[in-house]
Amino acid sequence: MISANDFIPSKYTHSVEEGNFQWSAPSNIALVKYWGKKDNQIPANPSVSFTLNNCKTITKLAFAKKQNDGTFSFDLLFEGQPKEDFKPKIQKFLERIEIYLPFLKDYHFTIDTENTFPHSSGIASSASGMAALAMNLMSIEKALYPEMTEEYFYQKASLLARLGSGSACRSVKGSVVVWGNHTNISGSSDLFGVEFPNAIHANFKNFQDTILLVDKGEKKVSSTVGHDLMHNHPFAERRFAQAHENLDQLITIFESGDLEEFIKIVESEALTLHAMMMTSMPYFILMKPNTLEIINAIWKFRNETKIPVCFTLDAGANVHVLYPENVAKTVLQFIKNELVGYCQNGQYICDEIGNGAMLI
Ligand code: PMV
């Protein structure tokens, strides 16, 4: 089995004075949710997500050799402007990954980053942001050690992204990504995300995700606090076991294309995630009245039309509406007619399943 130590480099064969890279990395939406973790960002249960296509972070990383004085040196720009309040998170990230990238203190970095989705839309940019930065850092390591295999490159990029933000490790490569050991998914690992290795039915090709922005406010519960709430949670062990079971069922569903069964798992996972927050101590309700209005409207529409459209939720009030491409026109019309009124300023984002990070 691969261990984290396998990603500590023993030597580099090249030296590089300066340069720059630019990568985009997408956001992702979990179907089986990651909620609860152990030390070092090891997930308490395996999760699986669809990679998104349009919601992305684009990060340019410039680097220039400096004297190694034992400190990290970097400037951070967000949409071209210095952004001091993002710096502590990056500093912490660099400290966490230094053991895997021993060159970090040899360079001064300029990190220039922007998102394709509106700032403070309530869509977390930590997954796409940390993945984009991890890709750039791996490009530097590849310049120092061009012999590395592509497999190592992507596994390590995902491992680094995970240390920035857990779910970021699912934003590196592939359309359907599994993170966390699962007995029946070969190659699955707690250390990094892997492309779902089994068959995926054509029903899931170009699957659509329309994100309804119900509440764009800052999250009331950071995911760090949220994951922590699973320690000593009365239902934690059962929940972790259930995630394994649900993932097991999804293996079959991905292969058969059974959308009815898909919907059951996905909606149950979303509500379970929120149930965990409602039953923790302290307890939280992250859904808003309009979240529930939307869920009920989707159920009514599905009942009446038999169109396989469903919802999932992140740790917030926004709703991801998921549906196959062949019903996209009808569902989008339904969203415009009946759901947009529940969105803050009528805002929503049309996205679909994508392929992962890209070098620009
Ligand atoms: O990656 P984090 O630590 O922000 O946690 C994300 C957790 C959820 O988005 C709620 C679920 C998931 O699997 O993405």
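One-based numbering, in listed order, for ligands and for the atoms of each.
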**OP:** Run the numbers on E147 and K142 for salt bridge (charged side-chain N to carboxylate O under 4.0 Å, His left out), then give the verdict.
**Re:** CA-CA 8 Å; E147 297 88 340; K142 193 167 165 60; over 6 Å; no
**OP:** Determine, step by step, whether E195 and K173 satisfy the salt bridge (charged side-chain N to carboxylate O under 4.0 Å, His left out) criterion, reporting the C-alpha distance in whole Å, the side-chain angles of both residues, the deciding distance to 0.1 Å, and the verdict.
**Re:** CA-CA 7 Å; E195 281 193 74; K173 189 166 183 270; 3.3 Å; yes
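Between the side chains of T312 and K33, a donor-acceptor pair is found at a separation under 3.5 Å.
Taking a cut-off of under 4.0 Å to the non-hydrogen atoms of W35, the atoms of ligand 1 that pass are 7 (C), 10 (C). Within ligand 1, counting atoms from 1 as listed, the ones closer than 4.0 Å to a heavy atom of R170 are 12 (C), 13 (O), 14 (O). Close approach to H227 involves these atoms of ligand 1, each under 4.0 Å from a residue heavy atom: 2 (P), 3 (O), 5 (O). Atoms of ligand 1 found under 4.0 Å from any heavy atom of G166 (numbered from 1 in listed order, with element): 1 (O). Taking every heavy atom of D314 and a limit of under 4.0 angstrom, the matching atoms of ligand 1 come to 9 (O).
With F72 as the aromatic partner, K105 meets the cation-pi criteria of under 6.0 angstrom to the ring centre and within 45 degrees of the ring axis. Taking the centre and axis of the six-membered ring of Y145, the NZ or CZ atom of K11 falls outside the cone set by 45° and 6.0 Å.
Looking at A30 against ligand 1, only its side chain comes within 4.0 Å, counting heavy atoms.
Of all the listed residues (G180, G226, S223, S47), S223 holds the heavy atom that lies closest to atom 2 (P) of ligand 1.
Distances shorter than 4.0 angstrom do not occur between any heavy atom of Q41 and any atom of ligand 1. K37 does not count as a contact of ligand 1, since none of its heavy atoms falls under 4.0 Å from the ligand.
Of the N or O atoms in S167, one or more lie within a sub-3.5 Å distance of an N or O in ligand 1.
Aromatic ring centroids of F50 and F207 lie under 6.0 Å apart.
The backbone N or O of T71 sits less than 3.5 Å from a side-chain atom of D69, completing a donor-acceptor pair.
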